[in-house]
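First comes the structure, then the notes that go with it.
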Protein chains: 2
Amino acid sequence: MDPWYKIVTMSSEANLESVLEANGVARQLIGHIGDKWSLLVIAALGHEAQRFSRLKARIEGINQRMLTRTLRALERDGIVERNVYPTSPPTVEYVLTRMGRDLSVAVTGICEWARRNLDEVEASQRLFDERAARRI
Amino acid sequence: MDPWYKIVTMSSEANLESVLEANGVARQLIGHIGDKWSLLVIAALGHEAQRFSRLKARIEGINQRMLTRTLRALERDGIVERNVYPTSPPTVEYVLTRMGRDLSVAVTGICEWARRNLDEVEASQRLFDERAARRI
DNA sequence: CGGGATCCGTCGGGATACTG
DNA sequence: CAGTATCCCGACGGATCCCG
């Protein structure tokens, strides 16, 4: 089976099934980490264990419910690990697993792209909107 | 400004603002390509120009409306270019721009991660669900 | 062929209140 | 402190029909 980048960089007549397979992979991927907060939580976690309230403070705009949900989903996927220490009040720490750390590295490429191209994207948007406004 | 990977790999007490900045970048990113179809369209495009109906055939499960919307959004972002040839019936071709090709390369890392870890993710999910079922 | 317009269901996600 | 439980809404996305 051809890896994804081959599909991306040399999509030809022949490998329709490969595209479909990539379809499935990307679908899974988007299902797991493509929601609004997952990437931010992964970024905020870094490689050191952090407590719930600390994460909530680091991630601007998130509320308890969404942080809990996101952490649960990531835990279910094996991307973060949850450790409870039975103190009083309870202490709960979250830390990236091996898979989580790998993912945070992989995310780097996308984020660097975003960082490099955000200005150009916004410029393109303004141009597009301007033209659209004139046509109407 | 520190790049994203530094935030990810060395998140410490000091760089809260950096996390917030990453917050914004990731937010933009998710807003642009984090929807259900963008990555699939980018993958299906590859580096060669393709017509609307061809794309629709390559991307399993998409309908005209969503393909149109996704292509418009990507065009607005400067990620794909739309070329119309005034033939009859009309011919419309889509092709990745320079930014789009860069992005498709960056996406590779994430997709490779997904490909490598999908089995482990699914195993983790089963384990998690099984445990959850026992506790109840 | 390559769309645009419209209707409509679902579901992600926010606000708020309560709990061990 | 670290959640769980409800309520609610707006946007995303699917189906269908129409058009140049």
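Only a predicted model underlies this, so the values are computations on that prediction, with no experimental measurement involved. Residue numbers start from 1 in every chain, and the chains themselves are labelled A, B, ... in the order their sequence lines are given, proteins ahead of strands.
- Across the protein-nucleic acid pair, B:Tyr85 atom OH and C:dG2 atom P stand 12 Å apart, rounded to whole Å.
- Expressed to the nearest 0.5 Å, how far CD1 of A:Ile30 lies from CG of B:Asp35 amounts to 7.0 Å.
- The separation between A:Gln50 atom CD and D:dC1 atom P is 16 Å, rounded to whole Å.
- Remark: P of D:dA2 and NZ of A:Lys56 are 11 Å apart, rounded to the nearest angstrom.
- Nearest approach of B:Leu45 to B:Tyr94, heavy atoms of both residues: CD2-O, 3.3 Å.
- To the nearest angstrom, C1' of D:dG14 lies 16 Å from CD1 of B:Ile59.
- Between B:Leu67 and B:Leu55, the shortest heavy-atom distance links the atoms CD2-CB, 4.0 Å.
- Atom CG in B:Asn83 sits about 16 Å away from atom C1' in C:dG3, given to the nearest Å.
- For the atom pair CG of B:Leu118 and SG of B:Cys111, the computed distance is 11.0 Å after rounding to the nearest 0.5 Å.
- Taking a 4.0 Å limit (strictly below) on heavy-atom distances, residues 63-82 of chain B reaches DNA chain C at B:Arg65, B:Thr68, B:Arg72, B:Arg82.
- Separating the CG atom of B:Leu55 from the C1' atom of C:dC1 is a distance of 13 Å, rounded to the nearest angstrom.
- Here A:Glu130 does not pair with A:Arg126 in a salt bridge; the nearest charged N to carboxylate O distance is not below 4.0 Å.
- Scanning residues 87-94 of chain B for heavy-atom distances under 4.0 Å to DNA chain C yields B:Pro89, B:Pro90, B:Val92, B:Tyr94.
- A:Val92 and A:Val80 fall within the same hydrophobic cluster, where Ile, Leu, Val, Met, Phe, Trp and Tyr residues are linked whenever their side-chain heavy atoms come under 4.5 Å apart, directly or through other members.
- For D:dG14, one of the phosphate oxygens OP1 or OP2 lies less than 4.0 angstrom from a side-chain nitrogen or oxygen of B:Lys36.
- Contact detail for B:Gln64 and B:Phe52: the closest heavy-atom pair is O-CZ, 3.8 Å.
- When the C1' atoms of four end pairs are superposed on the next four at each end of the helix from C:dC1-D:dG20 to C:dG20-D:dC1, using five pairs per end, the two resulting axes differ in direction by 50°, to 10°.
- Note on B:Arg98 versus B:Glu81: no salt bridge recorded, every NZ/NE/NH1/NH2 to OD/OE distance being 4.0 Å or above.
- In this structure, the CD1 atom of A:Ile30 is 15 Å from the C1' atom of C:dG12, given to the nearest Å.
- Across all non-hydrogen atoms, the minimal contact from A:Ser124 to B:Arg76 is OG-O, 2.9 Å.
- In this structure, B:Phe128 is not a member of the same hydrophobic cluster as A:Val84, with clusters built from ILVMFWY side-chain heavy atoms closer than 4.5 Å.
- Taking all atoms of both residues into account, the shortest heavy-atom contact from A:Ala106 to B:Gly109 is CB-O, 3.7 Å.
- When rounded to the nearest whole Å, the span between CZ of B:Phe52 and C1' of C:dG4 equals 11 Å.
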